Amino acid sequence: WEEVIALDPDDAKALERLDDLYEKRREWDKLIDIKRRRYELATDDSGVARLREAADLAATRMRDRELAESLWKEVLQVEPSDDAALAALEQIYDREKDYDALADVLAKRVPGIEDPKERSMALLKLGQLYSDRLDEPEKSLDVWLELLELEPENARPRDAVRKAYVELERFDELEDFYAQTDAWAE
């Protein structure tokens, strides 16, 4: 089949057979190349699925962080809100302690999270990044306010909102916040 591809790089049947063959042989780098080629030739949604498969192989089988990151970013170029790509990049950036990139990925991922508990956890993580690691009080305030809407009884975002208003010297809004939450004693 490799000879067929050498003669005709677009031969779909040969690409499919090589896909199966390389997977059985565990030739991950060649398999990734074939999946990328099949992605490039696809005329439907199956192409993006192939790209996701390639990214997953790079991360799990080859343990090649740079290749996996590159492939997941490629997925996001095609589908900017792809949750699998965002979740994978979140793991990569979290492990690498790349806080700017992690915050960027989380900010893109949060709107697509429908489960309230998972969304709350993501907002908490994002709020902590903006507050503690990146010194972005304006962004952290927005995140903490969103989390407070989901969990009005949670003291962590309430304290963080208060701190952000003080840090930003937005005392009128702090006063409004105290009035809305009836938290004058705090």
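Computed from a predicted structure; not experimentally measured.
In this structure, the side chains of R162 and L174 come closer than 4.5 Å at one or more pairs of heavy atoms. No side-chain heavy atom of V105 sits less than 4.5 Å from a side-chain heavy atom of W72. With contacts defined as side-chain heavy-atom distances shorter than 4.5 Å, the pair D64/W28 does not qualify. When side chains are defined from C-beta on, L89 does not count as touching R109, because their heavy atoms never get closer than 4.5 Å.
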Discussion item. Assess the residue pair R156 and D132 against the criterion (salt bridge (charged side-chain N to carboxylate O under 4.0 Å, His left out)); give the C-alpha distance rounded to whole Å, side-chain angles, the decisive distance to 0.1 Å, and a yes or no.
Written reply: CA-CA 13 Å; R156 172 73 168 122; D132 304 338; 3.7 Å; yes

Item to complete: Verify salt bridge (charged side-chain N to carboxylate O under 4.0 Å, His left out) between E23 and R61, making sure each step is shown before the conclusion.
Response: CA-CA 11 Å; E23 186 162 3; R61 301 292 185 172; over 6 Å; no

Fill in: Residue pair R65, E96: steps toward the side chain to side chain contact (heavy atoms under 4.5 Å, CB included) verdict
CA-CA 10 Å; R65 187 202 66 77; E96 298 292 318; 3.0 Å; yes

Discussion item. Applying side chain to side chain contact (heavy atoms under 4.5 Å, CB included) to M62 and I32, what does each step give before you reach the verdict?
Written reply: CA-CA 10 Å; M62 294 181 67; I32 288 172; 3.3 Å; yes

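Tracing side-chain contacts under 4.5 Å through hydrophobic residues (I, L, V, M, F, W, Y), one never reaches L106 starting from I113; they form parts of separate clusters. Hydrophobic clustering of Ile, Leu, Val, Met, Phe, Trp and Tyr side chains at less than 4.5 Å, counting indirect connections, unites Y178 with V166. L126 and Y99 fall within the same hydrophobic cluster, where Ile, Leu, Val, Met, Phe, Trp and Tyr residues are linked whenever their side-chain heavy atoms come under 4.5 Å apart, directly or through other members. The hydrophobic clustering, which links ILVMFWY residues whose side-chain heavy atoms are closer than 4.5 Å, places M121 and L123 apart.
Note that the CG atom of D82 and the NZ atom of K108 stand 12.0 Å from one another [nearest 0.5 Å]. Rounded to the nearest 0.5 Å, atoms CZ (F177) and CG (L141) are 9.0 Å apart. Going from atom CG of L86 over to atom CG of L76 covers 5.0 Å, rounded to the nearest 0.5 Å. In this structure, CG on D100 lies 9.0 Å from CG on D104, to the nearest 0.5 angstrom. The line from CG of L129 to CD of E136 is 10.5 Å long, rounded to the nearest 0.5 Å.
Formation of a donor-acceptor pair under 3.5 Å by the R158 side chain with backbone atoms of P152 is found in this model. Between the side chain of S70 and the backbone N or O of E66 there is no donor-acceptor pair closer than 3.5 Å.
No option in D10, D33, D20, D19 other than D19 meets the salt bridge (Lys or Arg N to Asp or Glu O under 4.0 Å) test with R38. Checked options E53, E16, E74, E40; the residue passing with K35 is E53 (criterion: salt bridge (Lys or Arg N to Asp or Glu O under 4.0 Å)).
Scanning all heavy atoms of the two residues, the minimum distance from A55 to A68 falls at O-CB, 3.9 Å. Closest approach of A107 and Y130 over heavy atoms only: CB-OH, 3.9 Å. Closest approach of R52 and V75 over heavy atoms only: N-CG2, 4.0 Å. Across all non-hydrogen atoms, the minimal contact from S131 to S140 is OG-CB, 3.3 Å. Residues D94 and L102 approach most closely at OD1-CD2, 3.8 Å, considering heavy atoms. Smallest separation of non-hydrogen atoms from G127 and V143: N-CG1, 3.5 Å.
A donor-acceptor pair shorter than 3.5 Å can be found between the side chains of Y93 and E69.
Using a 4.0 Å cut-off between charged nitrogen and carboxylate oxygen, R119 and E146 count as a salt-bridge pair.
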